[in-house]
Each structure stands twice: as structure tokens, then as C-alpha cells.
> 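I'd like to ask some things about the structure below.
Hydrogens, waters and symmetry mates play no part in the numbers below; they use all other heavy atoms, side chains included. These numbers were taken from a predicted model, which means no experiment stands behind them.
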Amino acid sequence: MGRMSDDPAVSDELPEYAERVLAVAERIPPGRVMTYGDVAEWLADGGPRQVGRVMALYGGAVPWWRVVRADGLLLPGHELRAMARYRDEGTPLRTAPRTAEGHLPRLDMKRARWDGREAPGNGRGDGS
DNA sequence: AGCGTGACGAGTA
DNA sequence: ATACTCGCCACGC
């Protein structure tokens with residue numbers, strides 16, 4: 001491969017931006033979530049759509065269910081997978097007030113959103 | 001070059 | 001509460 005093509009980033013490893021996004025995703029503690037926009041903001045680079053693209057392409061290698069949309073809507077096509085994780089991790093969900101079917105719960109962003117400030121050691125911050 | 005699309009987000013109606 | 005619009009930026013046609 002002596003080809004020093006002008007594309008050093010296209011080798012066998014991911015683009016650096018993707019690496020950073022995945023690193024943040026890995027950093028999110030169980031039971032908590034970060035929005036695409038939060039990840040971008042935390043990285044101080046790119047935007048929610050760029051983070052979303054990375055997750056779509058390489059998210060399978062990290063806890064993808066902890067990177068969610070700002071509106072708390074579950075990832076279409078993976079609702080059940082994510083659901084199982086949330087139930088297992090105890091991620092705060094908002095149960096639909098109405099007992100309607102097909103109406104899957106959404107994340108309680110108010111409580112589940114994580115800023116990335118510090119480890120949740122004692123997650124007990126049941127914000128009343 | 002433009003144009004549409006997307007694992008987004010915030011604002012407005 | 002939902003629906004729609006616009007801004008955003010990378011990618012593919």
C-alpha cells in the first residue's frame with residue numbers, strides 16, 4: 001500500500017470524528033441518555049445530524065440506545081431492542097397516560113438526559 | 001454546479 | 001398534544 005493517497009482517513013480505521021462520537025456514546029452511563037445534539041455540543045464539533053450519521057453507520061459497536069432524539073422518541077425500527085435495554089438499565093421512561101396500544105413509551109428526557117458532567121455514582125437524584 | 005435525503009433540533013401554528 | 005417550517009451539514013445522484 002505504498003499509496004500515500006490524499007486520503008489518510010479512509011484506511012482501515014474510522015474517521016476521527018466518528019471515533020470521537022463513539023467515544024462519547026461509550027461514556028454515557030447506564031440508565032442515562034444523551035441526545036444527538038448534546039453529543040455534538042459536547043464535542044464542540046459537528047451537529048446532531050452528523051452525530052446521527054455516525055450512529056447510523058457505526059453505532060452498532062457502542063450502546064446506541066443511549067444516544068437518542070431530543071424529543072425522547074424511540075428509534076424507529078429498534079423500539080423493542082431499546083426497550084429491553086431501558087427496562088434492564090432502569091432508564092426513566094414516560095408511560096403513556098392513556099392505555100392505548102401501539103403507543104410505545106417515550107424517554108423521560110427530563111430525568112434521563114445526561115450532561116456528561118460527572119459519573120452518576122449515586123444516580124438517586126430522583127428529582128422528586 | 002444543483003438538488004434531495006437523513007438514527008436532528010428548535011420554533012411556530 | 002400534533003403538524004409544519006426552517007436551519008443545519010454531510011453524502012449521493
> Just the rounded figure in Å: distance from P of dA7(B) to CD1 of Ile28(A).
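Whole-Å distance recorded here is 19 Å.
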
> Rounded to the nearest angstrom, tell me the gap between atom CD in Glu79(A) and atom P in dA7(B).
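These atoms are roughly 13 Å apart.
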
> Round to the nearest Å and state the distance from Arg53(A) atom CZ to dC9(C) atom C1'.
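Atom CZ in Arg53(A) sits about 9 Å away from atom C1' in dC9(C).
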
> Could you give the CD-to-P distance, from Glu41(A) to dC8(C), as a whole number of Å?
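Result: 16 Å.
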
> Should Arg69(A) be listed as having a side-chain N or O under 4.0 Å from OP1 or OP2 of dC8(B)?
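Yes, within the criterion.
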
> Of all the nucleotides listed (dA7(B), dC8(B), dG6(B)), which has the minimum atom distance to the side chain of Gln50(A)?
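The nucleotide sitting nearest to the side chain is dG6(B).
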
> Rounded to whole Å, please give me the gap between CE in Met109(A) and P in dA10(B).
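Going from CE in Met109(A) over to P in dA10(B) covers 10 Å.
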
> In terms of hydrophobic clustering (I, L, V, M, F, W, Y; side-chain heavy atoms under 4.5 Å; direct or indirect links), are Leu73(A) and Met55(A) co-clustered?
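No, Leu73(A) does not connect to Met55(A) through the hydrophobic network.
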
> Rounding to a whole Å, what distance do you find between Trp64(A):CH2 and dC8(B):P?
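In whole Å, dC8(B) P lies 14 Å from Trp64(A) CH2.
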
> To the nearest Å, give me how far apart OH (Tyr36(A)) and P (dA10(C)) are.
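In whole Å, dA10(C) P and Tyr36(A) OH are 18 Å from each other.
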
> Could you check whether Gly47(A) gets within reach of a base, just the sugar-phosphate, or nothing at all, counting any heavy atom under 4.0 Å?
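Since no nucleic acid heavy atom lies under 4.0 Å of Gly47(A), the category is nothing.
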
> Looking at Asp45(A) and Arg20(A), is there a salt bridge between them, counting it only when a charged N and a carboxylate O are closer than 4.0 Å?
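Yes, Arg20(A) and Asp45(A) are salt-bridged.
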
> Measuring to OP1 and OP2 of dG9(B), would you say a side-chain N or O of Thr35(A) lies under 4.0 angstrom away?
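So the side chain of Thr35(A) is within the cut-off, an N or O lying under 4.0 Å from OP1 or OP2 of dG9(B).
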
> Side-chain heavy atoms nearer than 4.5 Å, only ILVMFWY residues, links allowed to pass through others: does that put Val67(A) and Leu57(A) together?
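Val67(A) and Leu57(A): one cluster.
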
> Using atom CG of Leu57(A) as one end and atom C1' of dA10(C) as the other, report the distance to the nearest whole Å.
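That distance rounds to 11 Å.
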
> Are Arg106(A) and Asp71(A) within salt-bridge range, i.e. N to O under 4.0 Å?
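Salt bridge absent between Arg106(A) and Asp71(A).
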
> Between dA10(B), dA7(B), dC8(C), which nucleotide gets closest to the side-chain atoms of Arg49(A)?
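The listed nucleotide nearest to Arg49(A)'s side chain is dC8(C).
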
